[in-house]
Visitor: 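Can you keep this structure in mind? I'll have questions shortly.
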Amino acid sequence: WHFVYELVMRLPTAAASLVLLLQSRVHAGVGAFISPLSSQVAWSTTITGAFHHSSESKSTNGSTTPFVSKATLSSNDLNLDSSEISRAAKAARSITTNSIQISSFGSIPYVDTSILTKNSQHRVVFVLGGPGAGKGTQSEKIVKNYKCIHLSVGELLRDERQRGDKSPHAELIESCLVAGKIVPVEISLNLLRNAMDSACHDAKSGKGNSYGAPIFLVDGFPRNFDNLSGWTREMPEFAAVIGSLVYDCPIDILEQRILSRAETSGRSDDNLDSARKRFQTFQTQTMPVVRALEEVEKMEIEEGGLGKIHIQHISSQGTVGEVWDATKAAMNAFIQNDVLTANALLINAIDEKNVSLYSELCHDEFLKGDDDDDLASERKFHEYELSETYSKSDISNATVEVQDGTKVVVSYDRLMKDSSGKLVAQFRESRVWSHESKGWTCIHFVRKPLSEA
């Protein structure tokens, strides 16, 4: 175990930010590297034992304004029926599916999403907010940075409306949108399901988003209890709702944004009368759904210590950049589940000498040998992981550093023991995870003795 080496395999693009990030860790370390991090990375979020975080941003006048926060209005303030919300929450428990479980990695609790990948179930985050709250703008940023797939129910409905006589629903959709009413759930779910199927088909065929196991951003759904009931009835076998981003904004600011947007949008519902009706509909019909989802999260926390679903309120009164900072913090918590799930599976694969699973979790180039034969993966596995010297790993003191929406570093203390329980080695290990076509895959690792960490 006293031998030390560093193996670096580079792609054409320089891995500048990775070198800067890990340079303090590689001395006297063991490592392998395959895929570069972007040198354009400008920010990093570190997540330790806590799962969800609130953040504050500085406003333009220098004061501190919270942008990630719980809505301050209670059910009574919004004149909501608490008993109806409670009933809806109990009926919606299956929205997270029975597949995912709560687990822990190095003292960090997380939602184990491995079964979703195994069952080809989709990860869904609902994006909710009143008209003009900035859902579309933030969703575009999430898609660009986190490689999610954005599906706006409103856009799907408007596209269907534009089909005119070719669509049996066009006239009904038009009347609902102009009047600020909710389109029947059967229509919305049918359009949504078709769009998700199409996006996945395009991804598999290389036509669209080629990132494996993406998060689907479902924008503007569910809008009412009927939507929630329909989703709970039809979708749990197909998708797991892992959370919701709720953009909170007062009516006066929303009205200003709608008027400004109306100058160029060409939308028949971009006027003050429609906007006020839609805001009223959001307050009276959608906010009860948000409260019900929060009750689902509360029940899960009481039962398991952590919710399989997380509802994150974000104030959208600030600048686009300020709101984006809060959105990133929320999204980082969501992707952390997938990354920690992958890292835990990788450690299990190493302990169990499961080369096949190990290969699935690593980038293809990571395990490629000089002669590229069929046994290259197995040789690299034993070379990298020293798997013959121990049989079990104990993990502690884990941290997660999000470099951008597709690059994450997980670090932890790792104690390796033989079959008798005797300590063989102990070190600080860091693994870099990249969102690739196979999903989250390991592209690099470094380790050094704990005495030198």
Side-chain angles (χ1 to χ4, degrees), residues 11 13 18 32-38 96-97 99-101 103 105 110-125 139 142-151 192-218 235 237-243 308 331-349 354-368 377 400 402-410 431-445:
L11 293 182
T13 306
L18 176 63
F33 173 59
I34 163 59
S35 184
L37 295 181
S38 169
T96 59
T97 80
S99 301
I100 54 180
Q101 303 296 325
S103 190
F105 183 83
Y110 69 96
V111 179
D112 185 342
T113 60
S114 58
I115 196 66
L116 298 182
T117 302
K118 181 178 180 180
N119 294 343
S120 298
Q121 292 174 285
H122 300 298
R123 297 147 173 82
V124 171
V125 170
S139 293
I142 295 172
V143 169
K144 179 180 179 180
N145 290 274
Y146 291 85
K147 309 308 177 185
C148 299
I149 297 177
H150 175 248
L151 297 174
L192 186 59
R193 187 179 298 112
N194 289 341
M196 293 179 77
D197 289 343
S198 177
C200 289
H201 179 269
D202 288 347
K204 290 180 180 179
S205 62
K207 296 180 180 179
N209 190 328
S210 61
Y211 290 80
I215 293 176
F216 281 92
L217 303 175
V218 177
M235 302 296 282
E237 293 184 5
F238 180 70
V241 180
I242 62 175
K308 299 176 185 178
M331 288 303 302
N332 289 348
F334 290 136
I335 67 172
Q336 174 176 294
N337 291 324
D338 285 332
V339 175
L340 288 179
T341 294
N343 211 132
L345 284 173
L346 186 69
I347 295 298
N348 288 338
N354 188 336
V355 180
S356 177
L357 177 58
Y358 182 84
S359 299
E360 289 178 11
L361 293 164
C362 293
H363 195 285
D364 293 340
E365 294 293 327
F366 187 86
L367 300 175
K368 184 178 291 185
S377 294
V400 178
V402 179
Q403 292 303 297
D404 61 22
T406 61
K407 300 292 185 294
V408 179
V409 179
V410 181
R431 291 187 182 268
V432 180
W433 292 88
S434 177
H435 198 183
E436 307 281 346
S437 59
K438 295 196 299 184
W440 286 97
T441 58
C442 181
I443 61 171
H444 177 64
F445 77 87

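Computed from heavy atoms alone, side chains included, the values below leave out hydrogens, waters and symmetry copies. On a predicted model such as this, the values are computed, not experimentally measured, just so you know.
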Visitor: Is any side-chain heavy atom of I242 less than 4.5 Å from a side-chain heavy atom of T96?
Guide: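 Not touching, per the 4.5 Å side-chain cut-off.
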
Visitor: Over all heavy atoms of both residues, which pair between I100 and V111 is shortest? Give the atoms and the distance, please.
Guide: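 Smallest interatomic distance, heavy atoms only, reads CD1-CG1, 3.8 Å.
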
Visitor: Rounded to the nearest 0.5 Å, how far does CE of M331 lie from CD1 of I142?
Guide: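 That separation rounds to 5.0 Å.
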
Visitor: Without hydrogens or angle criteria, can the side chains of N354 and S356 be said to hold a donor-acceptor pair below 3.5 Å?
Guide: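 No, no side-chain donor-acceptor pair sits under 3.5 Å.
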
Visitor: Side chains of Y211 and Y146: closer than 4.5 Å at any heavy-atom pair?
Guide: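 Heavy-atom side-chain distance check fails, nothing below 4.5 Å.
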
Visitor: Taking all non-hydrogen atoms of both residues into account, name the closest pair between C362 and T441 and its distance.
Guide: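 Nearest pair, atom of C362 first, then T441: C-CB, 4.1 Å.
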
Visitor: Using 0.5 Å steps for rounding, measure from the CG atom of L346 to the CG atom of L357.
Guide: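 Result: 7.5 Å between the selected atoms.
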
Visitor: Does the plane of the ring in H122 sit parallel, tilted or perpendicular to the ring in F238? Use 30° and 60° as the thresholds.
Guide: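 H122 vs F238 ring planes: perpendicular.
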
Visitor: Do E436 and D364 touch side chain to side chain, with heavy atoms closer than 4.5 Å?
Guide: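 In short, these two side chains do not touch, never coming nearer than 4.5 Å.
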
Visitor: With rounding to the nearest 0.5 Å, note down the distance linking CG in N194 to CG in L151.
Guide: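 CG of L151 is found 11.0 Å from CG of N194.
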
Visitor: Can you tell me how far apart CG (N119) and OG1 (T97) are? Round to the nearest 0.5 Å.
Guide: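 The CG atom of N119 sits 8.5 Å away from the OG1 atom of T97.
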
Visitor: Closest approach of C148 and I215, non-hydrogen atoms and distance?
Guide: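 What the structure gives for the nearest pair is CB-O, 3.0 Å.
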
Visitor: Could you check if a side-chain atom of L345 sits within less than 4.5 angstrom of a side-chain atom of S114, using non-hydrogen atoms only?
Guide: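 Side-chain contact under 4.5 Å: yes.
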
Visitor: Does I443 reach the side chain of W433, with side-chain heavy atoms less than 4.5 Å apart?
Guide: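 No, side chains not in contact.
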
Visitor: Nearest 0.5 Å please: distance from the CZ atom of F366 over to the NE2 atom of H444.
Guide: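 Reported value, rounded in 0.5 Å steps: 8.5 Å.
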
Visitor: Before giving the answer on side-chain contact (heavy atoms from CB on, under 4.5 Å), spell out for V409 and V400 the whole-Å C-alpha distance, their side-chain angles and the decisive distance to 0.1 Å.
Guide: CA-CA 6 Å; V409 179; V400 178; over 6 Å; no

Visitor: Heavy-atom distance under 4.5 Å between the side chains of R431 and N343, does that happen here?
Guide: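 Side chain of R431 against side chain of N343, heavy atoms only: contact under 4.5 Å found.
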
Visitor: How close do T117 and A213 get, heavy atom to heavy atom, and via which atoms?
Guide: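 Closest approach of T117 to A213, heavy atoms only: OG1-CB, 4.5 Å.
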
Visitor: Are the side chain of T341 and the backbone N or O of T113 linked by a donor-acceptor pair below 3.5 Å?
Guide: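 Looks like yes, one N/O pair under 3.5 Å.
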
Visitor: What distance do W440 atom CH2 and T406 atom OG1 have between them, rounded to the nearest 0.5 Å?
Guide: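 Spacing of CH2 (W440) from OG1 (T406) equals 6.0 Å.
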
Visitor: Any heavy-atom pair between the side chains of V241 and V125 that's under 4.5 Å?
Guide: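 Heavy-atom side-chain distance check fails, nothing below 4.5 Å.
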
Visitor: Could you give me the CA-CA distance, side-chain angles and deciding distance for V143 and I149, then say whether side-chain contact (heavy atoms from CB on, under 4.5 Å) is met?
Guide: CA-CA 6 Å; V143 169; I149 297 177; over 6 Å; no

Visitor: Mind listing the closest non-hydrogen atom pair of I335 and G405 along with its distance?
Guide: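 Smallest heavy-atom distance, with atoms named: CD1-O, 4.0 Å.
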
Visitor: Indicate the atoms forming the closest heavy-atom contact of D404 with K407, along with that distance.
Guide: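 In terms of heavy atoms, the two residues are closest at OD1-N, 2.8 Å.
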
